[in-house]
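As the structure lists them, so they are numbered: ligands from 1, and atoms in each ligand from 1.
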Amino acid sequence: MQASYWHEKWQKGETAFHQFKGSPLLKAHFSELGLPKLSRLLVPLCGKTRDIAWLVAHGHHVVAAELHEPAVIQLFNDMEIEPKVMHLGEFDLIHYQAIVDELTIDVYVGDIFQLNPALVGRVDGIYDRAALVALPFDMREKYTSHMRELTGAAPQLLISFDYEQHLLPGPPYCVDAGEVVSHYGEHYDISQLASEDVAGGLKGKLKANEEVWLLQKSEP
Ligand SMILES: C[S@@+](CC[C@H](N)C(=O)[O-])C[C@H]1O[C@@H](n2cnc3c(N)ncnc32)[C@H](O)[C@@H]1O
């Protein structure tokens with residue numbers, strides 16, 4: 001999936017994935033990560049998600065990445081925050097940063113694969129909603145190992161879709177239980193927290209389940 005695909009989606013307003021009130025599944029299951037206040041959450045492929053505001057309102061720092069700069073500008077506008085903007089030419093990234101009630105919000109605009117552990121800094125947990133499922137299979141392989149490199153297998157709340165892939169092209173792609181285990185099973189203990197019918201079907205067409213996974217670093 002090329003960057004141009006996503007820029008075009010945003011430009012055409014084809015952003016049905018955006019949830020105006022944030023994700024009910026985050027609200028229902030975040031506590032199962034067991035993270036204390038002031039934890040720092042990585043939100044990959046963040047779009048303009050309202051979930052970042054929710055995480056900050058619940059006392060957490062956030063570091064995030066998103067390709068499409070206008071989405072990130074909108075994200076800060078929606079929070080009524082004016083971020084500092086720094087161009088990191090060396091990495092082809094733009095760093096949007098704000099501090100709200102002593103909580104930091106760092107959003108990197110650019111390709112998530114440009115990020116390295118030094119730029120990302122401490123990560124206590126990962127919140128992946130519509131990130132893994134946004135990527136085709138070969139990129140999912142690359143993405144999941146990149147997540148491990150960036151975070152050292154930090155605990156993760158993952159929200160994915162399961163449906164008959166041959167009936168609908170992605171994104172979002174089907175990432176079923178077997179695939180979650182194949183990407184993450186070596187480093188994490190994995191449990192399914194929920195599996196819910198997508199109301200009205202995926203893209204209004206196809207029976208699908210939205211699934212919530214808890215990934216906890218396995219003991220060596
Ligand atoms: C399906 S949307 C999900 C957005 C957000 N997680 C949410 O729940 O609303 C996927 C997002 O990933 C962004 N994206 C795709 N590939 C990316 C990449 N390689 N690096 C950073 N962002 C990327 C797209 O621009 C898009 O906003």
Side-chain angles (χ1 to χ4, degrees), residues 1-30 41-56 60 62-79 88 91-96 105-116 119-120 123 125-147 149-151 156-163 165 168-175 196 198 202-204 208 210-213:
M1 195 82 14
Q2 301 296 317
S4 56
Y5 169 90
W6 289 106
H7 290 308
E8 206 173 296
K9 284 272 167 203
W10 280 103
Q11 278 152 8
K12 289 183 177 162
E14 292 172 6
T15 54
F17 54 79
H18 180 68
Q19 296 173 299
F20 288 90
K21 293 185 176 169
S23 168
L25 295 173
L26 171 68
K27 298 177 179 83
H29 297 289
F30 179 74
L41 273 297
L42 173 61
V43 184
L45 281 58
C46 66
K48 56 176 183 177
T49 180
R50 300 293 298 150
D51 294 335
I52 289 182
W54 188 91
L55 289 166
V56 173
H60 300 295
V62 169
V63 54
E66 168 55 45
L67 270 178
H68 192 67
E69 188 170 18
V72 174
I73 292 169
Q74 186 66 51
L75 184 150
F76 282 99
N77 281 346
D78 288 347
M79 289 191 286
L88 311 181
F91 299 100
D92 203 14
L93 292 167
I94 309 173
H95 182 184
Y96 279 64
I105 308 172
D106 294 288
V107 183
Y108 290 95
V109 175
D111 183 357
I112 193 161
F113 295 105
Q114 290 294 314
L115 286 178
N116 62 42
L119 282 173
V120 170
V123 174
I126 302 168
Y127 169 57
D128 175 336
R129 184 223 167 231
L132 180 61
V133 296
L135 303 171
F137 183 75
D138 54 337
M139 283 185 80
R140 296 202 286 279
E141 294 256 280
K142 187 173 158 202
Y143 164 87
T144 52
S145 48
H146 189 54
M147 284 294 110
E149 279 160 29
L150 289 180
T151 72
Q156 178 164 178
L157 193 70
L158 165 66
I159 304 180
S160 58
F161 288 109
D162 189 4
Y163 66 93
Q165 183 69 84
L168 197 75
Y173 294 95
C174 165
V175 177
E196 297 183 355
V198 175
L202 192 61
K203 300 195 174 172
E210 194 168 17
E211 310 199 310
V212 185
W213 301 92

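- Under a 3.5 Å cut-off, the side chain of H146 and the backbone N or O of I112 do form a donor-acceptor pair.
- At least one heavy atom of W10 sits under 4.0 Å from some atom of ligand 1.
- Ligand 1 places these atoms under 4.0 Å from at least one heavy atom of G110: 20 (N), 21 (C).
- Counting heavy atoms from C-beta outward, T151 and I126 have side chains that approach closer than 4.5 Å.
- Contact annotation: for C46 versus ligand 1, heavy atoms closer than 4.0 Å belong to the backbone alone.
- With ring centers used as reference points, F30 lies under 6.0 Å from H60.
- For the pair P171 and ligand 1, no heavy-atom separation below 4.0 Å is found.
- Side chain of R129 to main chain of I159: no donor-acceptor pair is present (N/O by atom type, distance under 3.5 Å, no hydrogens or angles).
- Between L42 and M147 there is a side-chain heavy-atom pair separated by less than 4.5 Å.
- Of all the listed residues (L67, L93, V43), L67 holds the heavy atom that lies closest to atom 16 (N) of ligand 1.
- Looking at E66, its side chain never comes within 3.5 Å of a backbone N or O of E69 through a donor-acceptor pair.
- The ligand atoms of ligand 1 that sit less than 4.0 angstrom from a heavy atom of D111 are 18 (C), 19 (N), 20 (N).
- Polar contact check, T49 against ligand 1: no nitrogen or oxygen pair lies under 3.5 Å apart.
- Side chains of Y143 and E141: no donor on one and acceptor on the other come within 3.5 Å.
- When the heavy atoms of K9, E66, H68 are ranked by distance to atom 25 (O) of ligand 1, first place goes to E66.
- Annotation: L45 places an N or O atom under 3.5 Å from an N or O atom of ligand 1; distance criterion only.
- Ligand 1 has an N or O atom lying under 3.5 Å from an N or O atom of I112, backbone or side chain.
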